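The next block holds one structure in the form of structure tokens; read it before the comments.
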Amino acid sequence: MQNKIIKIANDTNIFLKRFIKKQKKTELILPMSYGLFSGGKKIRSKILFDVGSIFNINYNILIKIGAAVECIHAYSLIHDDLPCMDNDAIRRGKPATHVKFGESTAVLAGNSLLTLAFEILSSREINLNERIKNNLINKISKCSGHLGIAGGQFLDLSFENKKVSKKKIVEMEIKKTGELFSFCCVAPLIVKNKDKLEIKLFEKIGLNIGLLFQVADDLIDYKGSSKLAGKKTRKDEKKGKATLISLMGYNNTVKYAEKLSFDLKKSLNKYGSKSKNLKETIDYILFRNR
Ligand code: IPE
Ligand code: IPE
Ligand code: MG
Ligand code: MG
Ligand code: MG
């Protein structure tokens, strides 16, 4: 698992650096690169690779689609740390982008990373027919806007210091984090022109993997080491974030995550040994400390 994810991370970074290098140079490239290359896990690309291997998708196509996903993810983190959002100063063990470059530059670098994802997916680098490319762009757009990341981040902020039901917390976590994971799970099926029913199944699996990922992130915030996580921990409680932990306690949340992981792996059983990589990633997500 560790070797595979390191290779995926390296190949993704090589592609992104080459793509950016071909563009005309601007002063936003430095803060964009800072947010993009400062050492993320590239877990979303790993999921793309895991599902891609179930459906025999070409590795290089997956790296390029993953590169677009990582741009959107990097943008979402830059904005997440802004003073008007979570107001966090440390990300991936380094000063957050707005601390290093200033707030307005961080906003604009974030915007530029978001649009860079669409530039990549619509470019000639993605050697797929136009209809498939269009379907990928359509799906990733929906996962990033008001029905996805942005909408979920809005809920996250509006739920601060409020008593919120479990259903609403889960909806918020699925939007802010699950939707992009869902894109990673369906992109290989979109590439392979799979039928609607199977696409629906992988959409759901992706939403739940993302939910599991966010719940694990919340668990790390509660009990994890700030040094290992590369960001300050114990901050959700201070900010009055509505999480499953704030609603039902740490132990019940661990049980919730374990059940989610168990059910997810069960739903993959019909793919036999082909689902081994994805199951391994699901275990990693639950037991990670960063
Ligand atoms: C952090 O995401 C934000 C959440 C959605 C919980 P990651 O934990 O994937 O961040 P990096 O890219 O590895 O730093
Ligand atoms: C962020 O969730 C989710 C995003 C979509 C960016 P968090 O606010 O919990 O992420 P961290 O803990 O700051 O990385
Ligand atoms: Mg946040
Ligand atoms: Mg945050
Ligand atoms: Mg967090």
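First listed ligand is number 1; within each ligand, the first listed atom is number 1. These numbers come from a predicted model, not from an experiment.
Within D80, the N/O/S atom positioned nearest the Mg ion (ligand 3) carries the name OD1. The minimum distance between the Mg ion (ligand 5) and any N, O or S atom of D217 involves atom OD2. Minimum-distance N/O/S atom of D86 relative to the Mg ion (ligand 3): OD2.
Between E237 and K241 no salt bridge is recorded (no basic side-chain N to carboxylate O distance below 4.0 Å).
Checked by atom type, the side-chain pair T281/K46 shows a donor-acceptor distance below 3.5 Å.
A cation-pi arrangement, defined by a distance under 6.0 Å to the six-membered ring centre and an angle within 45 degrees of its axis, is absent between K194 and F55.
Of the listed residues (D236, D217, D221), just one forms a salt bridge (Lys or Arg N to Asp or Glu O under 4.0 Å) with K231, and that residue is D217.
Within the coordination shell of the Mg ion (ligand 5), defined by N, O or S atoms under 2.8 Å, D221 is absent.
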